[in-house]
Amino acid sequence: MAPYFHSALHLIRALWTLVKSRGCAIIRPPRDGGIRYRGLTQEQIRSVHVLPLDYEIEYICRGNRVIIGPNVRKCLPNGTWTDLTQRSKCYFPDTTLRGPSPPPCKKKLYIGALFPMSGGWPGGQACLPSAQMALDLVNKRTDILPEYELELIHYDSMCDPGEATKLLYDLLYTEPIKMVLMPGCSSVSTLVAEAARMWNLIVLSYGSSSPALSNRQRFPTFFRTHPSATLHNPTRVQLFQKWKWTKIATIQQTTEVFTSTLDDLEARTKEAGIEISVRQSFLTDPAPAVKNLKRQDARIIVGLFYETEARKVFCEVYKEKLYGKKYVWFLIGWYADNWFKIKDPSINCTVEQMTEAVEGHVTTEIVMLNPETVRGASNLTSQEFLNQLMSKLGGKNPEETGGFQEAPLAYDAVWALALALNKTVGPLKAKGRRLEDFNYNNRDITAEIYRALNTSSFEGVSGHVVFDAQGSRMAWTLIEQLQGGSYKKIGYFDSTKGNLSWYGNDRWIGPGPPADQTVVIEEFRFLSQKLFVSVSVFAGLGILLGIVCLTFNIYNSNVRYIQNSQPYLNNMTAVGCMMALAAVFPLGLDGHHVHRKQFPVVCQFRLWLLGLGFSLAYGSMFTKIWWVHTVFTKKDDKKEKRKHLEPWKLYATVGVLLVIDVLSLMIWQIVDPLHVTVEKFVREAPKGDLDVLIQPLLEHCSSDKMNTWLGVVYGYKGLLLLLGIFLAYETKSISTEKINDHRAVGMAIYNVSVLCMITAPVTMILSSQQDASFAFASLAIVFSVYITLVVLFVPKMRRLITRGEWQSDTQETVKTQGSSTNNNDEEKSRQLERENKELQKIIQEKEERVSELRNQLNHSTPLLPPDGKISRNNCHTSRLQLLYK
């Protein structure tokens, strides 16, 4: 559009240059008077010799003199002035001959106006009569511009920028000079306002709502009594806040006025903390845009489009079911009241369907008629103005008369201009200027008019008239709602004061204003209390069983059979089992029992009880089986060295395993402590027609590098379990008195290892199912502990009870040895083998000694004397000793 405007302006300048080449010779002023050359400065008057065709000059006399003869002359096509045969002179009036002097003649001030009588918006049909009514009343007033008369020169712009360009040329280059331009239609006002600054003209529009016209840099001399389309936005934001909506959607027709309005709305909603989640636009077909709104769950929708497009939009709204108690539409309020009932061949929806789709929508409309009964600057109430306007229209139907709603704005525009001009008379007179001195090169008078308009404030028939810094009208906004097929007023909003007047008669299809989005209710998933109580009972019974076993083991620690089972290690096993069972209780605690702030403490209890319990219980059993394997699977010479069991080494082994666990857990908690994380699941729709979704949540104990830490712990524990299984298998056929329950220990290791290796990965997989995960983990702990306690301690109890071996230490020793001999043939056989080997060694030593003695006898002196007889006296003492040795 801008290149087109500039081309038009260049054309106007070229035509002006062409016209100046033809015209009439300039006429000099008469004596005691002067000539007003409209549009020319003093410098131009001195330099110009030819004035253009149709140019008018006006004779003016000084003081009280009056003009005799023609006071206005016009340049004719033949190069002469009108009435040249009559001379114009200035004389003092002769009151004695002529009687009383006539009233002074008012000077005319001209207003150039463009009223669209046809076209896209035929607003001139009602706005032109309204403006003429205002002019007639202003010209009759003696307190407003008493020396001047306002005259309206108007054309039909047809709401077409091209036609307006031609008419603008006629207004600018045809006498008389116009002081102000009054266009209608946003597109025409854009053209006129952008060009007017080159002629130092004020532009006052009565029917332009485009937000683009609020640009002071582009339109520095523009004012309008029709509020900007963005004035709807403060009202919309106020309603959003009233109904507690923070998320909206928009759909607009792709035109400048709606795009600018939507940009302003986006800025205002962002400032108010409201999000525009969906923004759709269309050129001719709104179907894809409406489908996208449905797909993205839009609930509060602002629609910006013309009336014809509104019917297309709501036909698609009906098809997509984007209406009803879950949705609210905000539309522009200047549609006809029955716009949705008008038959339109471009849509295929019935009137009933359209009526159903539009029910309940809210409109915002600029208040163009003062709702209060007050008399303003024109001394008319709004109702009196309407009556006079209806009379001037000759009884035409207002609904069929274009611009009827905007007529009060045109009326107040003329009054705003008249009051502003009246305000400039004094300041101009102080500077030695007058309004009639205005020409297109005079910036001082334009500046005074601008200041006067910018500070305008009066009560008009359209309400309180005041302009903002961008020259746009500040006005009230009417809020209506379609209820039962007709619009009902539900409130007003005063944007100047930010005051919302609410009637409280808004009506909704549902129980109240719908939510701006599907309400998502966060619901935490908690562990089944029946499952928790059941497992807790088993865990409690297991702890009691552990206490019984520990008490039994300590009480009978002096019994030989108990001593041979390494009771201190068994005590560690019992304590570890009880700690593991105690971990079941914090394992089942969640947000149902403790506050989220205390939940990390519960996480710590879980980790430490389970970790230390495992180290004590499994570590003590692993130590036993490891010692048995070390002693009885080595060579005989090493067995001999290790056959004496040193208990402190066993305890030290358990301590090392325990220290490793403590250090690893401490490092974990210092470097990457456990904290609460919340897992979100897929939203679920509850039963019934409720506009809500359930957002399931589940609390977990976790850390930033949880998988890494679990990998380290599971890897270390897993190696211990596998090694324990291997050692138990290797020592299954070994029997020893030093650790007489190693077979039971092996069986317990089998069960613990299998359960742990199955449970650990299963619980990781089922971590999102709180009941299944807890059941697997807790029952694995319970079963492991029960099996361990039963396998290790119940046989000892049974033996001591059935045989009474706790009666005395002597009997314990005898009975223990006897029972060991009778019940353990394999051990007896091994003992006999050891004794046999010892006897064989003794025999071998004796044989070596005998052989040595024989060798000595063979090399020594004969024992018999030469005669062969033995005499007692002949026996030497040393030889006797050698013999009996």
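Numbering starts at 1 and runs along the sequence shown. All of these numbers come straight from a predicted model, not from anything done at the bench.
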Non-hydrogen side-chain atoms of V745 and F622 separated by less than 4.5 Å
no
Using side-chain heavy atoms (C-beta onward) and a distance below 4.5 Å, is F552 in contact with V794?
no
For the [atom1] atom of [X] and the [atom2] atom of [Y], what is their distance to the nearest 0.5 Å?
X	Y	atom1	atom2	value
Q604	L665	CD	CG	9.0 Å
F614	S784	CZ	OG	9.0 Å
L322	D297	CG	CG	9.5 Å
W709	Q669	CH2	CD	9.0 Å
L610	R606	CG	CZ	10.5 Å
I758	F776	CD1	CZ	9.0 Å

Does the side chain of N751 come under 3.5 Å of the side chain of T788 through a donor N or O and an acceptor N or O?
no
Using a distance-only test with no angle check, is there a side-chain donor-acceptor pair under 3.5 angstrom linking K796 and N553?
no
Would you say NZ of K294 has more than 12 non-hydrogen atoms from neighbouring residues, nucleotides or ligands within 6.0 angstrom?
yes
Could you check whether R279 pairs with D263 (Lys NZ or Arg NE/NH1/NH2 to Asp/Glu carboxylate O, under 4.0 Å)?
yes
Quick test of your reading of the model: are E316 and K319 salt-bridged, counting only N-O distances below 4.0 Å?
yes
